[in-house]
Amino acid sequence: MMSVLFVFCVAAQDKQAEITFDKTTYNFGTFSENDPVVEGTFTFTNTGDDLLVIHQAVASCGCTVPEYTKEPVKPGQKGTIKVTYNGKGKAPGKFKKSITLRTNAKTEMVRLFVEGDMTAK
């Protein structure tokens, strides 16, 4: 007599956070070298079904400083990334800088951009 053993593995669907931005590029527009510090805010929503945690936000240069929501963001809730660009000592003209986010979301790495045009004094 032959015994047949069937093994069924059912993987529980893992809950996962997901980060969704209102926009991924923020345009500061045109501003003067006389007033070279500008700020903008990105808003995101956790569209997943688990807590969203931003581990790190790294700018492409020291002239761009991101500040982000440090607390875990619940599903359906919103958070922000405030970005300050300081053009002091930088050459006037158009610029585009990036901010790379590392999160626990399904898409672990997200890149945001800030851009603008600083006019000469």
Side-chain angles (χ1 to χ4, degrees):
M1 179 179 222
M2 188 170 142
S3 296
V4 178
L5 177 64
F6 289 99
V7 178
F8 292 98
C9 293
V10 178
Q13 189 173 13
D14 291 335
K15 287 186 172 188
Q16 211 165 18
E18 187 60 55
I19 190 166
T20 304
F21 282 88
D22 59 341
K23 60 186 164 206
T24 55
T25 299
Y26 188 94
N27 190 326
F28 295 117
T30 302
F31 59 96
S32 173
E33 190 177 5
N34 291 325
D35 193 11
V37 179
V38 289
E39 294 179 348
T41 302
F42 292 93
T43 302
F44 64 86
T45 304
N46 179 358
T47 54
D49 53 10
D50 199 5
L51 291 176
L52 170 67
V53 178
I54 297 175
H55 299 299
Q56 189 178 43
V58 180
S60 59
C61 88
C63 59
T64 307
V65 179
E67 294 177 41
Y68 57 93
T69 302
K70 302 280 197 274
E71 304 81 32
V73 178
K74 295 178 182 176
Q77 298 295 306
K78 294 185 182 295
T80 59
I81 313 260
K82 183 175 116 182
V83 180
T84 304
Y85 174 80
N86 186 345
K88 184 175 181 177
K90 301 289 179 193
K94 294 182 189 264
F95 65 89
K96 187 170 189 173
K97 305 294 179 184
S98 67
I99 298 95
T100 303
L101 300 180
R102 296 188 192 285
T103 73
N104 70 329
K106 182 178 178 182
T107 304
E108 294 176 7
M109 203 163 51
V110 177
R111 188 157 287 145
L112 304 173
F113 297 93
V114 292
E115 61 187 13
D117 187 4
M118 185 170 70
T119 58
K121 291 181 183 180

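Atom set for the values below is all heavy atoms of this structure, side chains included, hydrogens, waters and symmetry mates excluded.
- For the atom pair CG (Asn46) and OG1 (Thr69), the distance works out to 11.5 Å, reported to the nearest 0.5 Å.
- The NZ atom of Lys94 sits 11.5 Å away from atom OG1 of Thr119, with the distance rounded to the nearest 0.5 Å.
- Within the structure, disulfide (SG to SG under 2.5 Å) contacts touching residues 31-120 (residues at least two apart or in different chains) are Cys61-Cys63.
- The backbone N or O of Val53 sits less than 3.5 Å from a side-chain atom of Asn104, completing a donor-acceptor pair.
- Partners of Thr45 under the side chain to side chain donor-acceptor pair (under 3.5 Å) rule, at least two apart in sequence or in another chain, are Lys78.
- Here salt bridge (Lys or Arg N to Asp or Glu O under 4.0 Å) pairs that include residues 98-111, with residues two or more places apart or in two chains, number zero.
- Residue pairs satisfying the salt bridge (Lys or Arg N to Asp or Glu O under 4.0 Å) criterion with at least one member in residues 38-51, sequence neighbours excluded, are listed as follows: Glu39-Lys82.
- Nearest heavy atom pair, residue Val38 against residue Phe31, reads CG1-CG, 3.7 Å.
- The shortest distance between side-chain heavy atoms of Thr64 and Val83 falls below 4.5 Å.
- Across all non-hydrogen atoms, the minimal contact from Leu101 to Ala57 is CD2-CB, 3.4 Å.
- Each disulfide (SG to SG under 2.5 Å) pair with one or both residues in residues 67-121, not counting sequence neighbours, would appear here, but there are none.
- For Lys88, the NZ atom sits in a loose shell: 12 or fewer heavy atoms of surrounding residues, nucleotides or ligands are nearer than 6.0 Å.
- Tracing side-chain contacts under 4.5 Å through hydrophobic residues (I, L, V, M, F, W, Y), one never reaches Val65 starting from Phe95; they form parts of separate clusters.
- Qualifying side chain to side chain donor-acceptor pair (under 3.5 Å) partners for Thr41, counting only residues two or more places apart in sequence or in other chains: none.
- The nearest pair of heavy atoms linking Gly93 to Asp117 is C-OD1, 3.2 Å.
- Sorted by first then second residue, the disulfide (SG to SG under 2.5 Å) pairs that include residues 75-121, not counting sequence neighbours, number zero.
- To the nearest 0.5 Å, the span separating CG on Leu51 from CD on Glu71 amounts to 12.0 Å.
- Note on Met118 and Phe28: same hydrophobic cluster, where clusters join Ile, Leu, Val, Met, Phe, Trp and Tyr whose side-chain heavy atoms are under 4.5 Å apart, directly or indirectly.
- For Phe42, there are no ring-ring contact (aromatic ring centres under 6.0 Å, His included) partners at least two apart in sequence or on another chain.
- Applying the disulfide (SG to SG under 2.5 Å) rule to pairs touching residues 78-121 yields nothing, sequence neighbours excluded.
- Residue pairs meeting the salt bridge (Lys or Arg N to Asp or Glu O under 4.0 Å) criterion with at least one partner in residues 16-33, sequence neighbours excluded, do not occur; the list is empty.
- Side chains of Ile54 and Phe44 form a contact here, defined as non-hydrogen atoms less than 4.5 Å apart.
- Separation of atoms CD (Gln77) and CG (Leu52) is listed at 11.5 Å; rounding is to 0.5 Å.
- Residue pairs meeting the ring-ring contact (aromatic ring centres under 6.0 Å, His included) criterion with at least one member in residues 46-77: none, sequence neighbours excluded.
- Side chains of Val110 and Thr103 form no contact here, defined as non-hydrogen atoms less than 4.5 Å apart.
- Here the CD1-OH distance, from Ile99 to Tyr85, works out to 11.5 Å after rounding to the nearest 0.5 Å.
- Residue pairs meeting the ring-ring contact (aromatic ring centres under 6.0 Å, His included) criterion with at least one partner in residues 96-120, sequence neighbours excluded, do not occur; the list is empty.
- Clustering ILVMFWY residues whenever any of their side-chain heavy atoms sit less than 4.5 angstrom apart, transitively, puts Val114 in the very cluster that holds Phe21.
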